[in-house]
Number of protein chains: 2
Amino acid sequence: MSSTVTKTVVVEGVLDANDALAQANREKFDRAGNFVINMMSSPGAGKTTLLERTLERLGDRIRIGVMEGDVQTTLDADRLERFNIPIAQVNTDPGFGGECHLDANMVRYGLPGLPLDDIDVLIIENVGNLVCPAEFKVGEDSRVMVFSVTEGEDKPLKYPLMFRSVELVLINKSDLLPHLEVDLDALNRNLDAVNPGVERILLSARTGEGVDEWCSWLESHARSGAVPLVK
Amino acid sequence: MSSTVTKTVVVEGVLDANDALAQANREKFDRAGNFVINMMSSPGAGKTTLLERTLERLGDRIRIGVMEGDVQTTLDADRLERFNIPIAQVNTDPGFGGECHLDANMVRYGLPGLPLDDIDVLIIENVGNLVCPAEFKVGEDSRVMVFSVTEGEDKPLKYPLMFRSVELVLINKSDLLPHLEVDLDALNRNLDAVNPGVERILLSARTGEGVDEWCSWLESHARSGAVPLVK
């Protein structure tokens with residue numbers, strides 16, 4: 001008589017496809033010693049201009065690489081070309097169906113274009129969007145968002161997942177504050193309501209106000225090494 | 001002897017699920033005589049402020065209803081409450097998994113909250129996002145986008161599907177132009193590159209500049225009746 005043994009496999013902590021690929025990216029970054037930032041914002045909040053200011057200040061001190069995520073065009077990558085740094089462009093439209101975000105697989109496709117061993121800090125400039133980019137880990141150490149004061153103080157409440165998922169909010173376009181009715185105190189209260197005590201720096205990528213503070217944050221985080229982001 | 005007859009069904013022009021539901025919405029709008037606008041933009045481009053200015057000007061002449069699409073909160077609907085108009089709030093987070101856009105099914109869920117027979121113009125304020133909302137018909141007659149000059153002149157090239165899918169671009173926050181380096185001529189060229197000759201109105205929902213022109217557009221389109229938008 002034969003007996004049938006049913007073996008029960010307990011499935012625990014299994015990664016979904018995106019998280020599995022994000023972990024694979026993470027392992028590549030760790031081997032190369034990269035500190036990786038997933039930079040997110042609405043369209044036109046000033047990510048690329050801030051990268052220009054950052055490269056002007058830190059380009060000689062830290063080896064910075066950039067991955068540009070856009071639905072179409074290489075306009076942002078073109079703007080950074082003058083810095084002679086490694087740049088990989090990932091367009092979500094031709095290969096990935098016009099996706100509104102970068103996910104781990106898209107980043108994985110972009111990595112062969114970058115000499116990771118020669119990079120200290122990799123900044124991944126995500127597609128301009130306050131919703132979906134926050135839903136996809138790409139293997140980053142840190143999430144930073146650029147928020148333009150022109151967008152209004154209510155946005156943390158309306159797009160809480162994004163604001164909750166970042167560890168630093170760069171409040172950009174401070175030079176426009178005299179011309180806006182935006183309530184900075186309310187913005188700070190709304191940030192604390194969705195992500196209590198989240199670090200924030202008021203800056204203007206245009207005038208340079210606050211940019212040194214951001215560069216110090218970046219330099220000190222890069223020096224302290226690639227500590228995996230626990231979420 | 002029996003013969004087997006194979007009947008070939010030729011499937012042509014079958015609607016996908018979203019388009020089928022959009023058509024069902026469309027039929028409801030047609031029965032009620034509604035002119036329906038799908039209003040789209042980035043987060044913080046000024047859709048709600050423009051709706052306030054619009055209701056101040058047209059509220060006595062046209063029966064306007066609003067459907068507010070947001071990931072979370074009823075902040076926008078709250079701002080319009082003082083106008084005593086029919087407003088339906090659709091939150092994409094609790095029921096629809098945090099979607100970054102409205103689709104035909106979400107709009108369908110919101111419709112029972114609106115007295116369509118008592119509405120001339122229904123304005124559907126979509127989730128703030130320059131990518132995905134453009135991919136989903138909701139049964140609208142017309143697509144209008146609000147674009148803030150603070151977002152930069154390159155955006156039509158970077159998010160072409162959105163700019164291509166609309167018949168009117170409201171170029172908002174004109175009052176900030178003296179404080180920005182944005183190139184309006186380049187913006188116009190980029191608009192024409194992706195959507196040649198698309199109608200555009202430069203306005204400021206804050207100062208009121210250009211708002212009358214937009215209201216005239218809206219009134220004349222509402223009067224000419226609900227003509228299905230062919231895309």
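Each chain gets a letter, A, B and so on, in the order the sequences are listed, and its residues count up from 1. None of these values were measured; they are calculated from a predicted model.
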*Could you tell me whether a side-chain N or O of K173(B) sits under 3.5 Å from a main-chain N or O of T150(A), the two making a donor and an acceptor?*
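Yes; at least one donor-acceptor contact below 3.5 Å.
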*Between the main-chain N or O of G128(A) and the side-chain N or O of Y159(B), is there a donor-acceptor pair closer than 3.5 Å?*
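Between the backbone of G128(A) and the side chain of Y159(B) there is a qualifying donor-acceptor contact (under 3.5 Å).
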Please classify the contact between [X] and chain A as side chain, backbone, both or neither, with a heavy-atom cut-off of under 4.5 Å.
X: D154(B); value: both
X: L157(B); value: both
X: K155(B); value: side chain
X: P43(B); value: both
X: L180(B); value: both
X: D76(B); value: side chain
X: E135(B); value: side chain

*Can you name the closest pair of heavy atoms from G98(A) and V131(B) and give their distance?*
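Distance-wise, the nearest heavy atoms are O-CG1, 3.6 Å.
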*Select, from R206(A), Q72(A), E151(A), the one with the greatest count of heavy-atom pairs under 4.5 Å involving chain B.*
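Option with the top pair count is R206(A).
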_I need the residue from N129(A), T92(A), N91(A), D175(A) with the largest number of non-hydrogen atom pairs under 4.5 Å to chain B._
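Highest number of pairs under 4.5 Å: N129(A).
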_Pair K158(B), L75(A) - check side-chain contact (heavy atoms from CB on, under 4.5 Å), show working._
CA-CA 8 Å; K158(B) 293 178 73 179; L75(A) 290 170; 3.8 Å; yes
_Return the SG to NE2 distance between C100(B) and H101(A), rounded to the nearest 0.5 Å._
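So the SG of C100(B) and the NE2 of H101(A) are separated by 8.5 Å.
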